[in-house]
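Inspection log for the structure reproduced underneath, given as structure tokens.
In what follows, chains carry the letters A, B, and so on, assigned in the order in which the sequence lines appear, proteins first and then strands, with residues in each chain numbered from 1.
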Amino acid sequence: DGWERAGAFACDPGSAATPFTVMIPPPNVTGSLHMGHALTFTLQDVLVRWRRMEGRDVLWQPGSDHAGIATQMVVERLLAEEQTSRQAIGREAFIARVWQWKAESGGTITRQLRRLGASLDWPRERFTMDEGLSTAVRKVFVDLYEQGLIYRDRRLVNWDPKFQSAISDLEVESQEVRGHLWHIRYPIEGENRFIVVATTRPETMLGDTAIAVHPDDPRWRDLIGRFAILPLVGRRIPIIADAYSDPEKGSGAVKITPAHDFNDFAVGQRHSLPMPSVLDRAARVTLTEIEESITLVNGIADPGFLRTLEGQGRETARTAIVAELARLDLLEATETHTHQVPHGDRSGAAIEPLLTTQWFCNAAVLAKPAIEAVESRRTEFVPKQWENTFFAWLRDIQPWCISRQLWWGHRIPAWYDPDGAVFVARTEAEAQRAAGAGVALTQDEDVLDTWFSSGLWPFSTLGWPERTPELARYYPTDVLVTGFDIIFFWVARMMMQGLHVMGDVPFRTVYIHGLVRDERGQKMSKSKGNVIDPLELIDRFGADALRFTICAMTGPGRDVKLGAASVENRRSFVTKLWNAARFCEMNAIRPDQGFDPASAKLPLSRWILDSANRAVDEATAALEAYRIDDYAHTLYHFTWSNFCDWFLEFAKPVFAEGDTAAAREVRGVAAHVLGTLLRLLHPAIPFVTEELWDRLGYGAPCGLIRAPWPGPVAVSEAEAARAELDWVVRLIGEVRAVRAEMNIPPAVLAPVLLRDASPENMARAGRWIEPIRRMARAANVSALEGEMPKGSAQAVLDEATLVIPLVGLIDVRAEQARLGKDRAKAVGEADKLRRKLANEDFVSRAPAEVVEENRERLAGIEAEIARLEAALRRIE
RNA sequence: GGGCGCGUAGCUCAGCGGUAGAGCACUGCCUCGACACGGCAGGGGUCACAGGUUCAAUCCCUGUCGCGCCCACCA
């Protein structure tokens, strides 16, 4: 809208201002705005708008992520609806189709971000599959390859049989599954006895190449070095000693299937065991690699049965195998067994460890500088405790499998000649040169893990590998704002890649926020049906209300529990602000450049200016400390309580005087403070503040976003103004409390008498008579000398006693009860203080000022008790 | 199994060594010229439990109980 047209979101690489850079965590192109986005982008926008007002040259870099698997899934679903598939149309057509889909639907989330008010520098929007970013990806890949940090290896990976692709450790999540533990008898060669092994996965036994027992376990000592016959297959497999075998678990002997289990793979390597795969890429049984070892052994192995398994899925094969073992009387026992089974986080399919050739990144080498950067505080986490999480993962990092058997993504820049020799290069032409002219090359079919390109985001978006002015100016970025759920996926990868490629950290601060949950604290999920759509909340309550709610509810390290009710509630605040501004407008409160708030003379002016100074200080300090909740609460309280409930109420009688000097001053001060308020609130509540800014004449339309962040105003004798207003506020409070508790009808204007009041306070009462009349509904305030009128209510205010004479309206017993309650409270307090002060240890060991403070408090309370007792005596 | 976080008013949470706080909800009063998405007043808490340190503990330490999360783990 207007801001964007005015270029208010744009960074200015040519400016002399200090840059402030934030990289958006690029949302998936497939995405639409959810509450998690609303949270993270609101927090970022608050920081960004605040810094922009502070005069920084802000770059908030927008963009989106190609999100390999997620996007491929979406488009594959579309194809399925059209009765076709990616395999049917082929790779090239499929990729063209994804681009087409992106062109049509990829802009959804950016439109929604605009509705939230996100002040991103839109013309600089990037996409991870853009030509420039793809160039960066290829260059980093080639460089890391040449440095030996990227390599091909044949090893066990987490294989997702649904996507038929490798996935990284991070994309695997455990799910508890109720299954069985089958105890299977493996006959010992040449003997008439068995060794029993327990397994939850009998279908993998076809790939067993050993049985391991613990070297110190006496039960098996005589069997080490001998052979067992693998049931169903008839293969001889050795019985080996390996400490991996845990005598406590299962039967104490464990079957070793190196091609289908990570631990078994390690055992297989230690003992140079064969590693036949017996499951294919779709997790169906395949006998190809064990063909030669299939042998007929009567009563133990029947090749005919094995043939029936070929091509069967894991589950059916498992059932068939268990039945066959039972038929052969090789099943010793079956137990039910609950255990954790790894599943693909996106597909939901059970993950199959599979022996394949993949590309790996030596993350351990890249992790070291990342760890050091945080240890040396070049990058700091907020809240700090997340550093532990970061360290723990990086210190024990495993090789990162970066190849994916997908089509949508950055294709791996590696080419093979007909003999399988690999040529890694930034372009096919370069690979060709390396291979020699005329050699037929085919490019690697695989694409890179999406997070490989996301990890380059902080510099690839700025033009790297070109040495652009933006890169020099905006890297390293200032703060990264994101959720704890992607510390490993993204934050750690950016740290590793940024340090390696750029030689410097990608960001100085990582601000980690929580997750958005529903009002009962449940994680939002489609299946639970508790998802709240931020756009719906924006429609109902406005983006400002949603943003302010998010700000107010985001504690450090805590999840945000958010329901429509809390947003509705905060909308009241936005409305309150609007109404307060409307009141100002109606009272001719207009910004006046010629008015200097420092020249204000009235205590009321000095008091609100001083309060505003504190609000500015506190709000700014809160933002600096990433305490967005404190920032919101400070301004909520200042606006509602100080500005509306007290200042504007005090101002009303002044305005009623007409165009006096006092009224002119208060108008000027009010305009100044409202302007401060609009500026302070703008980062959280941009739309309404901007509209008011324009409407009340503070500046040009869309001018607030670039208005300077407020600083302190010189206020003379602030202390005196504070003391004065504090007394008046308490006086009004006491009168109101008495009236409410004694049920004095509002229509009754009560006279207020002050007994024993100091001349100073009597003078104050005179100066503030109009507001006191209005706000306390007092007829007048005067000194009481001599006898108290019968049937009066009383209250103690410092040295004075308030007397409200209301014959016939005061219930004597109620008044006694009220004063008695006040006295009891004061007496309890005094007792506590006396006990404390009677303690010699306290007096001698506590700091002198603390002791003094307690003495003063006690003196004050004792005086109050005396006055309350006097008041009680007077009632009779 | 290892680690992190959290148990404070009915609810959601702040405070984290020296007088227990906020918002919402609740109760009473109020159509008072910005605002009922409002105003005024009020009730409500042995700060999970048990020890310890300290003159002083909601706050620091140790343990217990309860809740949540992360990592590892397919015998």
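For the C1' atoms, the distance linking B:rG15 with B:rC59 amounts to 9 Å, nearest Å. B:rU46 and B:rG52: their P atoms are spaced 23 Å apart (whole Å).
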Dot-bracket for RNA chain B, 5' to 3', counting Watson-Crick or G-U wobble pairs under 3.5 Å, with [ ] for crossing pairs and | for inter-strand pairs?
((((((((.[[[[.)..(..]]]].(((((.......))))).....[[[[[..)....]]]]])))))))....
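Scanning for salt bridge (charged side-chain N to carboxylate O under 4.0 Å, His left out) contacts around A:Glu171 gives A:Arg404, with sequence neighbours left out. In this view, A:Thr319 satisfies the side-chain contact (heavy atoms from CB on, under 4.5 Å) rule with no residue, not counting sequence neighbours. Scanning for side-chain contact (heavy atoms from CB on, under 4.5 Å) contacts around A:Arg835 gives A:Asp831, A:Lys832, with sequence neighbours left out. With sequence neighbours excluded, the residues forming a salt bridge (charged side-chain N to carboxylate O under 4.0 Å, His left out) with A:Asp242 are A:Arg270, listed by chain and number. Remark: A:Lys652 engages A:Phe583, A:Glu649, A:Arg774 in a side-chain contact (heavy atoms from CB on, under 4.5 Å) (not counting sequence neighbours).
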Cut-off 3.5 Å, no hydrogens considered: what does the side-chain donor-acceptor table look like for residues 567-577 of chain A, sequence neighbours left out?
{"unit_1": "A:Ser572", "atom_1": "OG", "unit_2": "A:Asn569", "atom_2": "O", "d": "3.2"}
{"unit_1": "A:Thr575", "atom_1": "OG1", "unit_2": "A:Arg571", "atom_2": "O", "d": "3.0"}

Collect all protein-nucleotide pairs involving nucleotides 67-75 of chain B in which both atoms are nitrogen or oxygen and the distance is under 3.5 Å.
{"unit_1": "B:rC73", "atom_1": "N4", "unit_2": "A:Ser174", "atom_2": "OG", "d": "2.7"}
{"unit_1": "B:rC74", "atom_1": "OP1", "unit_2": "A:Asn263", "atom_2": "ND2", "d": "2.9"}
{"unit_1": "B:rC74", "atom_1": "O2'", "unit_2": "A:Thr200", "atom_2": "OG1", "d": "2.1"}
{"unit_1": "B:rC74", "atom_1": "N4", "unit_2": "A:Arg201", "atom_2": "NH1", "d": "3.2"}
{"unit_1": "B:rC74", "atom_1": "N4", "unit_2": "A:Ile351", "atom_2": "O", "d": "2.9"}
{"unit_1": "B:rA75", "atom_1": "OP1", "unit_2": "A:His337", "atom_2": "NE2", "d": "3.1"}
{"unit_1": "B:rA75", "atom_1": "O4'", "unit_2": "A:Ala198", "atom_2": "O", "d": "3.2"}
{"unit_1": "B:rA75", "atom_1": "O2'", "unit_2": "A:Gly250", "atom_2": "N", "d": "2.9"}
{"unit_1": "B:rA75", "atom_1": "N6", "unit_2": "A:Tyr244", "atom_2": "O", "d": "2.9"}
{"unit_1": "B:rA75", "atom_1": "N6", "unit_2": "A:Asp246", "atom_2": "N", "d": "3.2"}
{"unit_1": "B:rA75", "atom_1": "N1", "unit_2": "A:Asp246", "atom_2": "N", "d": "3.0"}

Pairs under 3.5 angstrom, nitrogen or oxygen only, protein versus nucleotides 21-30 of chain B, please.
{"unit_1": "B:rG23", "atom_1": "O2'", "unit_2": "A:Asn569", "atom_2": "OD1", "d": "3.4"}

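Counting only residues at least two apart or on different chains, no ring pair (Phe, Tyr, Trp, His ring centres under 6.0 Å) pair has a member in residues 826-849 of chain A. Residue pairs meeting the salt bridge (Lys or Arg N to Asp or Glu O under 4.0 Å) criterion with at least one partner in residues 173-183 of chain A, sequence neighbours excluded, do not occur; the list is empty. Residue pairs meeting the salt bridge (Lys or Arg N to Asp or Glu O under 4.0 Å) criterion with at least one partner in residues 204-213 of chain A, sequence neighbours excluded, are A:Asp208-A:Lys255.
At a threshold of 4.0 angstrom between heavy atoms, the contacts of A:Glu649 include nucleobase atoms, whether or not backbone atoms are also involved.
Contact between the side-chain N/O atoms of A:Arg558 and the OP1/OP2 oxygens of B:rA14 is found at a separation under 4.0 Å.
Residue A:Arg845 places its side chain closer to B:rC55 than to any other of B:rA20, B:rA34, B:rC55.
Judged by distance alone, with hydrogens and angles left aside, A:Lys576 brings a side-chain donor or acceptor within reach of the base of B:rC35, the pair sitting under 3.5 Å.
The aromatic rings of A:His513 and A:Tyr511 lie perpendicular to each other, with more than 60° between the two planes, well past the 30° mark.
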